[in-house]
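Keep in mind that what you see is a predicted model, and the values were worked out from it rather than measured.
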Amino acid sequence: MAQLRADLLGKVSARITEVTGRAEIADAVTRFLRNTAETTVSEQPDGTTFVITGDIPAMWLRDSAAQLKPLLYLLDDAPELLSLLNGLLLRHWRYISIDPYANAFNLEPNGHGHHSDRTPMDPIVWERKWEIDSLTYGIDFAYTLWKSAGSTDWCETTFRVAAARIVQTFTTEQDHEHRSSYTFRRGGRFASGRNTLNRHGKGRLTRPTGMVWSAFRPSDDACEAGFNVPGNFYAAQAMRQLAEIARELLHDDNLAADADRLQREMSDGLADHGTVEGPGGTEIFAYEVDGFGGSALLDDANVPSLLSLPYLGCVGVDDPVYQATRKFLLSPRNQYYFQGSAAKGIGSPHTPRDHVWPIALSVQGLTATTAQEQAEIIALLLDTTGGTGMMHESFHVDDPTKFTREWFSWANSMFCELVLVHCGYRLGGGRSPDYLPQA
């Protein structure tokens with residue numbers, strides 16, 4: 001369990017109340033921050049930090065970084081959090097060094113999790129769904145910690161090993177069909193199309209594009225077309241960051257050259273294959289492509305998503321293709337955009353129809369360009385907790401008391417980040433969405 005200082009939370013609460021004029025928003029943020037620190041975070045004797053995702057007692061690489069990201073905004077007032085955040089990264093590197101294809105891990109090698117899946121499983125692995133963003137969140141987090149706080153305690157031997165595994169894995173999965181030995185099949189009652197890969201676990205046939213193939217989406221659902229576009233945008237940015245880290249901190253020109261090559265090839269692949277003609281005849285980003293001309297037009301409610309690209313620093317918020325994509329995603333033309341009497345927003349094939357995701361609503365706010373839209377989304381999120389006072393995975397657009405996952409720490413943290421940014425908190429190193437106005 002980690003503790004946040006009472007005076008720190010009091011200062012945050014006072015600032016939010018002053019900016020928004022609503023004490024209940026400040027109360028929600030401080031409650032969520034405290035809940036994340038005290039119920040999901042475990043500082044280990046070895047100096048690492050283990051973070052459960054909420055109601056599942058395992059650590060997702062992506063989720064854990066997103067859960068602790070709001071703390072990056074508070075480092076000026078709470079430098080003591082640096083050890084906690086560096087510890088998170090040290091555990092990321094350890095896990096990636098064991099298995100770069102796994103997305104979720106146990107605290108100890110106890111064999112808990114989905115060990116009936118037909119894929120090689122180390123006892124410390126909870127789930128081995130290959131998701132490209134599992135290897136990018138840590139790099140982005142480390143880069144931000146370095147640039148915003150000058151902290152490089154995460155940059156030690158295990159990082160060198162993990163960085164080499166990341167580059168190796170990305171290179172292999174650029175040609176999944178011919179280079180990769182990764183397969184995944186799930187049996188039993190969970191053996192649906194969302195949880196398993198076809199062609200004996202190999203997945204849909206793809207052709208190399210320069211992009212990196214991914215088996216599963218951030219929702220943990222199987223990819224439809226293989227090359228996840230927002231995941232590749234985020235991975236290309238991570239390779240830019242890794243190249244800079246390799247040169248300036250590791251003095252490793254070979255690693256930097258490998259990262260540069262991956263960044264260039266992924267970016268070229270995105271330029272050549274990542275856009276399609278949308279329903280209105282305008283050019284938009286596809287969510288997934290297969291290299292043969294096939295594509296999927298939708299968006300995952302989780303991050304990285306197409307909607308989140310400016311928030312992640314991958315494209316400008318005024319990019320015309322992004323703006324056309326955003327217009328499509330936030331409209332009934334998107335089959336996973338739902339609207340009802342209580343809310344409207346982006347849902348997911350991962351959850352029932354007519355359910356929208358608080359994470360997607362927070363991302364909509366973090367990529368908005370007016371304080372008014374941010375404020376409206378914050379109010380909507382507070383009004384749709386279904387009486388629990390917590391954010392959920394999803395809720396019904398007509399009845400927020402119908403929801404999935406009573407406790408989902410990532411959604412709580414995304415709400416916190418939205419409010420903090422709305423109230424003028426910023427990150428250093430050029431990783432803050434500076435296009436956002438202060439309320």
K.L.:
When you compare the side chain of Leu68 with that of Val51, does any pair of heavy atoms fall below 4.5 Å?
P.N.:
yes

K.L.:
For Ile132 and Leu135, what are the C-alpha separation, side-chain angles and deciding distance, and is it a side-chain contact (heavy atoms from CB on, under 4.5 Å)?
P.N.:
CA-CA 6 Å; Ile132 184 174; Leu135 302 187; over 6 Å; no

K.L.:
Would you say the side-chain atoms of Thr53 and Asp63 include a donor-acceptor pair closer than 3.5 Å?
P.N.:
yes

K.L.:
Measure the CD1-CG distance between Ile124 and Leu107 for me, rounded to the nearest 0.5 Å.
P.N.:
7.5 Å

K.L.:
Which heavy-atom pair separates Met59 from Ser64 by the least distance, and what is that distance?
P.N.:
CE-OG, 3.6 Å

K.L.:
Closer than 4.0 angstrom, basic N to acidic O: yes or no for Arg91 and Asp46?
P.N.:
yes

K.L.:
Would you say the side-chain atoms of His422 pair up with the backbone N or O of Ile16, donor to acceptor, closer than 3.5 Å?
P.N.:
no

K.L.:
Quick one: closest heavy-atom pair of Ile139 and Trp93, and the distance?
P.N.:
N-CH2, 4.1 Å

K.L.:
Can you tell if the side chain of Arg5 reaches within under 4.5 Å of the side chain of Glu80, non-hydrogen atoms only?
P.N.:
yes

K.L.:
Determine whether Leu361 and Met414 make a side-chain contact, defined as any pair of heavy atoms from C-beta on separated by less than 4.5 Å.
P.N.:
no

K.L.:
Do Tyr143 and Glu244 have side-chain N/O donor and acceptor atoms under 3.5 Å apart?
P.N.:
yes

K.L.:
Is any side-chain N of the basic residue among Lys69 and Asp140 closer than 4.0 Å to the acidic one's carboxylate O?
P.N.:
no

K.L.:
Please round to the nearest 0.5 Å and tell me the distance separating atom CZ of Arg34 and atom CZ of Arg31.
P.N.:
9.5 Å

K.L.:
Can you tell me if Asn302 and Trp410 form a side-chain donor-acceptor pair at under 3.5 Å?
P.N.:
no

K.L.:
Among side-chain atoms of Ser180 and Glu173, is any donor-acceptor pair under 3.5 angstrom?
P.N.:
yes

K.L.:
Let me confirm one number: the OG-CG distance from Ser308 to Leu366, rounded to the nearest 0.5 Å.
P.N.:
9.5 Å

K.L.:
List the steps and the verdict of side-chain contact (heavy atoms from CB on, under 4.5 Å) for Leu75 and Leu145.
P.N.:
CA-CA 9 Å; Leu75 287 175; Leu145 199 56; 3.8 Å; yes

K.L.:
Return the OG1 to CD distance between Thr385 and Glu406, rounded to the nearest 0.5 Å.
P.N.:
11.0 Å

K.L.:
Please report the shortest heavy-atom distance between Leu9 and Thr30, naming the atom on each side.
P.N.:
O-CG2, 3.6 Å

K.L.:
Do Leu197 and Arg199 come within less than 4.5 Å of each other through their side chains, counting heavy atoms only?
P.N.:
no

K.L.:
Would a distance-only check, ignoring hydrogens and angles, find a side-chain to backbone donor-acceptor pair under 3.5 Å from His92 to Phe159?
P.N.:
no

K.L.:
Whether Arg62 and Asp133 form a salt bridge (side-chain N of Lys/Arg under 4.0 Å from carboxylate O of Asp/Glu) is what I want to check.
P.N.:
yes

K.L.:
Checking the side chain of Asn334 only, and the main-chain atoms of Leu330 only, is there a donor and an acceptor separated by less than 3.5 Å?
P.N.:
no

K.L.:
Between Thr171 and Arg179, do the side chains contain an N or O donor and an N or O acceptor separated by less than 3.5 Å?
P.N.:
no

K.L.:
With no hydrogens and no angle check, is any side-chain donor or acceptor of Thr404 less than 3.5 Å from a backbone partner on Ser394?
P.N.:
yes

K.L.:
Between His112 and Asn106, is there a side-chain donor-acceptor contact under 3.5 Å, judged purely by atom types and distance?
P.N.:
no

K.L.:
Is any side-chain heavy atom of His350 less than 4.5 Å from a side-chain heavy atom of Glu393?
P.N.:
yes

K.L.:
Salt bridge or not for Asp117 and Arg128, using N-O below 4.0 Å?
P.N.:
no

K.L.:
Could you grab the distance from atom CG of Asp290 to atom CH2 of Trp213, nearest 0.5 Å is fine?
P.N.:
13.0 Å

K.L.:
Determine the minimum heavy-atom distance between Gly365 and Ile377, stating which atoms define it.
P.N.:
N-CD1, 3.5 Å

K.L.:
How far does CG of Leu270 sit from CG of Asn232, to the nearest 0.5 angstrom?
P.N.:
5.5 Å

K.L.:
Hey, are Glu288 and Arg204 close enough for a salt bridge, meaning a charged N less than 4.0 Å from a carboxylate O?
P.N.:
no

K.L.:
Looking at Tyr337 versus Phe328, is the centre-to-centre ring distance below 6.0 Å?
P.N.:
no

K.L.:
So, does Tyr287 use its side chain to make a donor-acceptor pair with the main chain of Ser305 at under 3.5 Å?
P.N.:
no

K.L.:
In terms of the angle between their ring planes, are Tyr95 and Phe50 parallel, tilted or perpendicular, with boundaries placed at 30° and 60°?
P.N.:
perpendicular

K.L.:
Would you call Tyr425 and Leu74 a side-chain contact if the rule is heavy atoms closer than 4.5 Å?
P.N.:
yes

K.L.:
Take a 6.0 Å sphere around CD of Glu156 and say whether it holds more than 12 heavy atoms from other residues, nucleotides or ligands.
P.N.:
yes

K.L.:
How about Val303 and Pro218: do any of their side-chain heavy atoms sit closer than 4.5 Å?
P.N.:
no

K.L.:
Would you check if there is a donor-acceptor pair between the side chains of Asp300 and Ser219 at a distance under 3.5 Å?
P.N.:
yes

K.L.:
Hey, does the side chain of Arg194 reach the backbone of Asp221 with a donor-acceptor pair shorter than 3.5 angstrom?
P.N.:
no

K.L.:
Between Ala222 and Thr196, which heavy-atom pair has the shortest distance, and what is it?
P.N.:
CB-O, 3.7 Å

K.L.:
Has Arg326 got a side-chain atom pairing as donor or acceptor with Gln364's backbone, closer than 3.5 angstrom?
P.N.:
yes

K.L.:
Could you tell me if Thr36 and Gln67 have a donor-acceptor pair between their side chains, going purely by distance under 3.5 Å?
P.N.:
no

K.L.:
May I ask you to check whether over 12 heavy atoms, not counting those of Lys327, lie within 6.0 Å of atom NZ?
P.N.:
no

K.L.:
Between Tyr182 and Trp130, is there a donor-acceptor pair closer than 3.5 Å when you use the side chain of the first and the backbone of the second?
P.N.:
yes

K.L.:
Report yes or no: do Thr48 and Arg94 form a side-chain donor-acceptor pair below 3.5 Å?
P.N.:
no

K.L.:
Is it true that Tyr101 and Phe184 have ring centroids separated by less than 6.0 Å?
P.N.:
no

K.L.:
Take Met239 and Arg264 through the test side-chain contact (heavy atoms from CB on, under 4.5 Å) and record every step on the way to the result.
P.N.:
CA-CA 9 Å; Met239 291 302 96; Arg264 183 174 62 254; over 6 Å; no

K.L.:
Using modelled atom types and a 3.5 Å cut-off, is there a donor and acceptor pairing between side-chain atoms of Asp99 and backbone atoms of Asp122?
P.N.:
no

K.L.:
Does Gln174 reach the main-chain N or O of Gly210 with its side chain, forming a donor-acceptor pair under 3.5 Å?
P.N.:
yes

K.L.:
Test side-chain contact (heavy atoms from CB on, under 4.5 Å) on Lys202 and Glu177; report intermediate values, then the result.
P.N.:
CA-CA 8 Å; Lys202 189 75 172 178; Glu177 191 65 25; 4.3 Å; yes

K.L.:
Closest approach of Thr384 and Ala343, non-hydrogen atoms and distance?
P.N.:
CG2-CB, 4.5 Å

K.L.:
Does any part of the side chain of Ile284, heavy atoms only, come nearer than 4.5 Å to the side chain of Val276, both counted from C-beta?
P.N.:
yes

K.L.:
Any side-chain donor paired with an acceptor under 3.5 Å for Trp357 and Ser348?
P.N.:
no

K.L.:
Could you label the plane-to-plane angle of the Phe233 and Phe285 rings as parallel, tilted or perpendicular, counting under 30° as parallel and over 60° as perpendicular?
P.N.:
perpendicular

